[in-house]
Amino acid sequence: SKIEEKLFQDRYRVDSGRPHIKIKDPDHCTECLEKQCTICCPAGCYTKEDSGKVVLVTDGCLECGTCRIICQDSGNLDWEWPRGGFGILFKFG
Ligand code: SF4
């Protein structure tokens with residue numbers, strides 16, 4: 001599709017060992033009924049495991065902020081912008 005063709009043009013620099021989003025309390029995610037992050041993240045960074053755990057891999061994060069808003073009330077996400085030079089590098093034109 002068109003959007004995938006566009007996304008393919010972006011580049012991502014992983015800041016190894018320094019994910020810019022962290023789950024504070026994994027048990028809270030296990031107990032969370034909605035787990036909206038596993039549905040709404042456009043980059044598929046959140047995966048629901050059969051055990052009920054949520055696994056977060058921030059590689060490929062588009063920095064859209066959706067998960068930050070979804071999970072705001074719980075306060076369970078530690079959400080920062082990536083350090084300068086890391087993260088998504090959008091290519092325009
Ligand atoms: Fe996914 Fe957006 Fe959250 Fe990044 S900021 S993990 S792309 S929902």
Side-chain angles (χ1 to χ4, degrees):
S1 75
K2 274 264 182 277
I3 184 72
E4 274 150 8
E5 282 166 28
K6 292 250 192 272
L7 282 172
F8 187 70
Q9 299 195 355
D10 294 323
R11 294 287 175 271
Y12 195 87
R13 273 190 76 200
V14 176
D15 197 354
S16 294
R18 290 189 60 162
H20 65 289
I21 309 169
K22 292 184 202 115
I23 293 170
K24 290 184 192 166
D25 176 10
D27 290 341
H28 178 89
C29 300
T30 305
E31 285 159 25
C32 173
L33 296 178
E34 294 87 6
K35 300 195 204 317
Q36 289 191 68
C37 56
T38 64
I39 298 158
C40 297
C41 171
C45 293
Y46 297 83
T47 312
K48 181 169 68 176
E49 296 201 322
D50 289 341
S51 64
K53 282 185 186 162
V54 174
V55 176
L56 166 60
V57 178
T58 57
D59 301 2
C61 167
L62 299 165
E63 298 164 27
C64 69
T66 302
C67 58
R68 185 181 207 176
I69 292 164
I70 284 171
C71 205
Q72 204 164 40
D73 290 343
S74 76
N76 202 32
L77 279 188
D78 190 353
W79 202 105
E80 304 279 348
W81 297 105
R83 288 194 293 164
F86 291 96
I88 189 84
L89 309 167
F90 292 103
K91 185 175 155 188
F92 296 99

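Just so we're clear, the structure is a prediction, and the values are computed from it rather than from any experiment. As the structure lists them, so they are numbered: ligands from 1, and atoms in each ligand from 1.
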Side-chain donor-acceptor pairs of residues 12-32 under 3.5 Å, sequence neighbours excluded:
from  : atom 1 : to    : atom 2 : distance (Å)
Tyr12 : OH     : Thr58 : O      : 3.1
Arg13 : NH1    : Gly85 : O      : 3.0
Asp15 : OD1    : Arg83 : NH2    : 2.8
Asp15 : OD2    : Arg83 : NE     : 2.8
Asp15 : OD2    : Arg83 : NH2    : 3.3
Lys24 : NZ     : Gly75 : O      : 3.0
Asp25 : OD1    : Asp27 : N      : 3.0
Thr30 : OG1    : Pro26 : O      : 3.2

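- Using a distance-only test at 3.5 Å, with no hydrogens or angles considered, a donor-acceptor pair links the side chain of Lys35 to the main chain of Gly52.
- To the nearest 0.5 Å, the span separating CD1 on Ile70 from OG1 on Thr38 amounts to 9.0 Å.
- Pairs of residues two or more places apart, or lying in two chains, that qualify as ring pair (Phe, Tyr, Trp, His ring centres under 6.0 Å) and include a residue from residues 29-86 are Trp79-Trp81.
- With sequence neighbours excluded, no residue satisfies side chain to side chain contact (heavy atoms under 4.5 Å, CB included) with Ile69.
- Taking a cut-off of 2.8 Å, the protein N, O or S atoms nearer than that to atom 4 (Fe) of ligand 1 are Cys61 SG.
- Remark: ligand 1 atoms within the under-4.0 Å shell around heavy atoms of Trp79 are 5 (S).
- Remark: ligand 1 atoms within the under-4.0 Å shell around heavy atoms of Tyr46 are 6 (S).
- Between the Glu63 side chain and the Ile88 main chain, a donor and an acceptor come within less than 3.5 Å of each other.
- Exactly one of Cys45, Pro82, Pro42 qualifies for a side chain to side chain contact (heavy atoms under 4.5 Å, CB included) with Cys61. That residue is Cys45.
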